[in-house]
Amino acid sequence: MDVVNRYITINNHINIAPQDSDFELKASPLSLSLDPASNVVIVKNLYVSIDPYQLNRMKSFSASQKTSDFAVAIVPGEAIDTYGVGKVVASTNPEFDKGDIVVGLLNWGEFTVIKAGGMLNKLNPMGFPLSYHVGILGFSGLTAYAGLFEICKPKKGEKVFVSAALGSVGNLVGQFANLSGCYVVGCAGSKEKVALLKEKLGFDDAFNYREETDLNSTLKRYFPNGIDIYFDNVGGEMQEVAVSNMNINGRIAVCGVISEYLDSEKRAAPSTIEVIYKRIKIQGFLAGDYLNIFGDFLSTTCDRLRTGKIQPLEDISDGVESIPSAFISLYRGQNIGKKIVKIAEE
Ligand code: NAP
């Protein structure tokens with residue numbers, strides 16, 4: 001049997017803010033009749049992840065592109081791989097059967113053909129919606145958990161600052177830190193987001209960074225006794241002022257620097273004197289390096305979801321054609337929580 005596979009590609013490298021015209025919806029026939037010797041799985045994609053780092057892969061050059069298999073450059077015109085959940089519709093790989101629900105490296109399209117050795121695992125949804133396994137129970141959740149607990153090691157009573165706090169990773173960092181007994185302040189780009197952080201997600205306080213004219217004084221206002229932990233999702237000036245407001249032995253997990261992705265000249269230049277004399281630890285990390293704690297992360301997070309101690313926050317668009325606008329929305333601050341595209345019904 002043949003199906004038509006529609007998928008998203010980029011028309012060109014993207015070195016500035018992404019726009020609709022950078023993307024194209026392509027279609028090509030795909031045969032579901034496999035050669036028995038092929039050792040291939042064909043997955044019908046159900047939910048796919050939309051993440052800021054893809055922009056660094058779309059650029060003509062980024063220092064990130066040679067650092068990890070997940071970060072390699074995207075070739076214009078080719079399918080774009082991403083984390084996602086799907087259903088096996090054909091398989092000659094003995095590890096997978098038709099009908100299996102799977103999670104792994106799919107693509108921004110309706111179907112993914114996965115050769116032997118590709119990143120794919122059977123998924124037990126454990127009673128949770130499949131979309132949770134793309135976000136809160138997937139890589140976004142692991143990123144928040146590993147960055148906070150493995151790098152920042154929060155202690156009860158410590159003061160934690162999170163940027164892009166209503167985003168996919170940020171909202172979970174705040175919720176996890178809150179459950180560890182920390183005082184948590186987040187920043188985000190609108191009044192509505194600030195209200196959600198305080199009223200729905202249990203942040204102790206929050207502010208709209210776009211309304212502030214002097215971020216250094218802003219942090220002094222929200223942290224009169226200094227910051228112990230900064231979970232950095234944005235880089236740039238926010239990282240500089242966070243360093244200036246850190247306490248002695250402070251920890252900074254540099255998760256992402258989205259404010260620098262659109263401008264290759266922009267760099268955070270934190271005061272290194274303060275880093276030294278305050279003995280601040282600043283560590284970049286990739287969630288993929290923490291697969292060894294995935295089991296711990298999953299059982300802790302599932303328990304907390306079941307007992308209502310953490311709230312999932314998802315922002316789901318429908319259909320493969322909505323992928324470009326979903327991706328662009330991240331750079332306009334229009335997403336509320338984990339951005340996902342639902343491609344098809346199970
Ligand atoms: P997200 O926060 O759900 O979405 C991006 C958010 O960033 C937007 O909603 C917007 O929120 C904010 N933003 C956009 N442009 C900005 C700018 N110029 N300055 C400041 N804020 C801006 O995305 P996410 O998936 O959770 O990712 C958050 C960060 O973590 C990103 O930097 C990403 O690259 C990184 N990340 C790293 C890893 C890792 O393994 N290290 C894994 C996942 C994600 P506002 O309303 O607050 O502006």
Side-chain angles (χ1 to χ4, degrees), residues 16-18 48-59 62 64 67-71 82-83 134-136 138-148 150-152 161-175 185-197 201 203 206-212 215 230-242 252-264 266 268 283-291 293-294 297 312-317 326-340:
I16 51 172
V48 297
S49 184
I50 307 292
D51 301 278
Y53 79 95
Q54 299 281 17
L55 188 66
N56 295 326
R57 302 182 61 204
M58 293 170 183
K59 292 177 183 170
S62 166
S64 57
T67 57
S68 141
D69 288 349
F70 297 110
T82 186
Y83 197 67
V134 177
I136 187 167
F139 264 81
S140 305
L142 179 65
T143 306
Y145 191 86
L148 183 67
E150 297 291 306
I151 294 173
C152 300
F161 175 45
V162 188
S163 51
L166 202 74
S168 173
V169 174
N171 90 82
L172 291 171
V173 172
Q175 295 192 70
V185 177
C187 71
S190 73
K191 261 194 199 92
E192 295 69 28
K193 288 186 176 186
V194 166
L196 275 172
L197 287 170
L201 298 176
F203 280 59
F207 64 89
N208 175 358
Y209 68 94
R210 291 182 198 273
E211 281 178 348
E212 300 293 328
L215 289 172
Y230 173 43
F231 195 101
D232 188 7
N233 284 313
V234 304
E237 187 190 354
M238 197 64 88
Q239 189 190 99
E240 295 168 5
V241 294
I252 301 180
V254 185
C255 175
V257 292
I258 194 166
S259 79
E260 302 177 24
Y261 297 168
L262 296 183
D263 178 355
S264 59
K266 192 167 170 187
Q283 188 178 328
F285 72 102
L286 291 176
D289 297 336
Y290 290 91
L291 291 175
I293 60 163
F294 194 83
F297 147 71
L313 194 64
E314 299 184 313
D315 184 337
I316 303 183
S317 308
F327 178 64
I328 291 166
S329 77
L330 299 178
Y331 283 89
R332 298 183 179 166
Q334 291 163 336
N335 61 307
I336 302 284
K338 175 66 197 168
K339 191 74 212 171
I340 293 170

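Just so you know, ligand 1 is whichever comes first in the structure, and atom 1 is the first atom listed for that ligand. Since this is a predicted model, take the numbers as computed values, not measurements.
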Pair Asp51, Tyr53: side-chain N/O donor-acceptor within cut-off below 3.5 Å:
no
Side chains of Asn208 and Glu212: is there a donor and an acceptor less than 3.5 Å apart?
no
Check ring pair (Phe, Tyr, Trp, His ring centres under 6.0 Å) between [X] and all other residues, then give those that pass, not counting sequence neighbours.
X: Phe294; answer: Phe297
X: Tyr331; answer: Phe327
X: Phe139; answer: Tyr83

Sub-4.0 Å heavy-atom environment of ligand 1, residues by chain:
Pro52, Thr143, Ala164, Gly167, Ser168, Val169, Ala188, Gly189, Lys193, Tyr209, Arg210, Asn233, Val234, Cys255, Gly256, Val257, Ile258, Ser259, Tyr261, Phe285, Leu286, Ala287, Leu330, Gly333, Asn335, Gly337
CD1 on Ile136 to CD1 on Ile340, rounded to 0.5 Å
10.0 Å
